[in-house]
Structures are given as structure tokens and as C-alpha cells.
Amino acid sequence: MRYWLMKSEPSEFSIDDLQRVGTEPWDGVRNYQVRNMFRDEFKVGDRALFYHSNCQEIGVVGEMVVTSEAYPDPTQFDPHDTHYDPKSDPANPRWLLVEVSFVAKYPRVVTLSELRSDKRFADLALVRKGNRLSVLPLSKTHFQTIRQLSKIK
DNA sequence: GCCAACGTTGGC
DNA sequence: GCCAACGTTGGC
């Protein structure tokens with residue numbers, strides 16, 4: 001089993017939204033590195049941290065589980081969708097997504113500044129300079145340490 | 001294949 | 001809203 005961190009702007013889609021709907025297709029990803037991770041590395045049963053970006057309290061807010069293999073993101077073919085990609089060929093779709101399901105909302109946010117100031121996260125991709133990927137791999141140790149910091153029972 | 005121009009991400 | 005740090009595009 002692998003561990004991931006997945007970013008979302010809560011004004012677009014938040015941990016509360018995921019808790020309400022239960023399962024969500026993680027659509028709209030338009031980055032080849034992430035597309036390749038979805039295709040080659042994501043497996044059903046993998047765990048992922050839900051991260052709120054571009055908001056008041058930036059940080060890790062909960063946990064999810066991967067509940068589908070990668071498959072074509074339908075929003076790339078929808079001219080009315082903001083993620084529409086006219087260059088993507090339906091016979092050979094350019095963009096993929098995976099589905100994720102709600103596992104837990106943390107009782108407190110494990111903030112970005114907290115992760116930055118903790119030496120245990122020195123090699124966490126999220127806090128490394130210049131890393132802007134919206135989906136990042138994570139070690140089991142980092143996953144478990146963040147879980148402990150969240151104070152979840 | 002190079003690289004300038006442009007677009008996006010995301011913290012602050 | 002600013003802007004650094006990327007990624008992508010497209011002319012050559």
C-alpha cells in the first residue's frame with residue numbers, strides 16, 4: 001500500500017464536501033506527472049491525506065482511501081467545463097482521474113507551517129522548495145506522524 | 001531541440 | 001493582489 005497527499009482548494013472542494021458525498025472522482029488534474037502517478041502508481045486501497053491549499057488555514061485536514069483504478073477524466077471532453085481540453089482525443093484520452101472515499105476528518109488541522117518547522121518533515125516533498133504538484137507521494141512514517149499530530153483517536 | 005513567452009500554482 | 005517557481009507552448 002502506498003501513501004499520498006492530495007491538494008484541493010476548499011472553496012472548490014473541501015474535506016466537508018468529501019464527507020458529505022462519501023466518494024468523489026478527483027477530476028481536473030492537468031499535470032502530466034500527476035497523470036502518470038494516477039496511471040502507474042495509484043492502487044485501490046492506497047491511503048491519501050486531504051490537504052487544503054490557498055485558504056485561511058493551510059494544511060492537512062483528513063484522510064481518504066483510493067477506491068478506483070485510474071480512468072479517463074470526463075471533464076476534459078466537456079466544452080462547458082473549466083477543465084475542458086480540446087486537444088484531448090477521446091480515442092486516446094490525455095487526462096485521468098482516480099476516485100477517493102472519505103475516511104476521516106481530523107479534529108485539528110496539521111498546518112503547513114507546523115510541517116515546515118518540524119525536522120521530521122525535512123524530506124517531505126510538500127515542504128521542499130519549488131514543489132507545486134497537486135498530488136505528492138508520502139512515506140508511511142510521514143503519514144503516521146501527521147496522523148499523530150492531528151490528535152485523531 | 002532550444003528557449004522566450006505565457007499560463008498556473010499556491011504561499012504570503 | 002503579488003510574485004516566485006514551475007510547466008507548457010510554439011516558432012525557429
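Every heavy atom of this structure was used, including side-chain atoms; hydrogens, water molecules and symmetry mates were not. Per chain, numbering begins at 1; letters A, B, ... match sequence-line order.
- For the pair A:N31 CG and C:dA5 C1', the interatomic distance rounds to 14 Å; values are reported in whole Å.
- The distance from atom CZ of A:R128 to atom P of B:dG11 is 17 Å, rounded to the nearest whole Å.
- Note on A:Y51: every side-chain N or O is 4.0 Å or more away from OP1 and OP2 of B:dT9.
- What separates OH of A:Y32 from P of B:dG7 is a distance of 17 Å, to the nearest Å.
- Here CG of A:L138 is found 11.5 Å from CG of A:D46. Values are rounded to the nearest 0.5 Å.
- A donor-acceptor contact under 3.5 angstrom links the side-chain atoms of A:R132 to the base of B:dT8.
- Applying a 4.0 Å cut-off to non-hydrogen atoms, the residues of residues 108-117 of chain A that approach DNA chain B are A:L112, A:R116, listed by residue number.
- Put simply, CG on A:L133 is 11 Å from P on C:dC6, counting in whole angstrom units.
- Put simply, CE on A:M6 is 16 Å from C1' on B:dT9, counting in whole angstrom units.
- In this pair, A:Y3 and A:F143 present their aromatic rings tilted. The plane angle is within the 30 to 60° band.
- Protein atom CG of A:L136 is 11 Å distant from nucleotide atom P of B:dG11, rounded to whole Å.
- Judged purely by distance below 3.5 Å, without hydrogens or angles, the side chains of A:T141 and A:S139 never pair a donor atom with an acceptor atom.
- Atom-to-atom, CD of A:E57 to P of B:dC12 comes out at 13 Å; the value is rounded to the nearest Å.
- Listed by first then second residue, pairs satisfying salt bridge (charged side-chain N to carboxylate O under 4.0 Å, His left out) with a partner in residues 53-73 of chain A read A:R30-A:D73, A:E63-A:R147, not counting sequence neighbours.
- Side-chain contact between A:W95 and A:D85 is present, with heavy atoms from C-beta onward closer than 4.5 Å.
- Heavy-atom distances to DNA chain C give each of A:K87 and A:N54 a nearest nucleotide, and the one nearer the 5′ end belongs to A:N54.
- In this structure a side-chain-to-backbone donor-acceptor pair under 3.5 Å is missing from A:E99 to A:T23.
- Atoms CG and OG, from A:L126 and A:S53 in turn, are 10.0 Å apart once rounded to the nearest 0.5 Å.
- Between A:K7 and the phosphate of B:dT9, there is no side-chain N or O to OP1/OP2 separation shorter than 4.0 Å.
- Protein atom CZ of A:R35 is 14 Å distant from nucleotide atom C1' of C:dG7, rounded to whole Å.
- Nucleic acid contact class of A:E9 (heavy atoms, under 4.0 Å, all strands): none.
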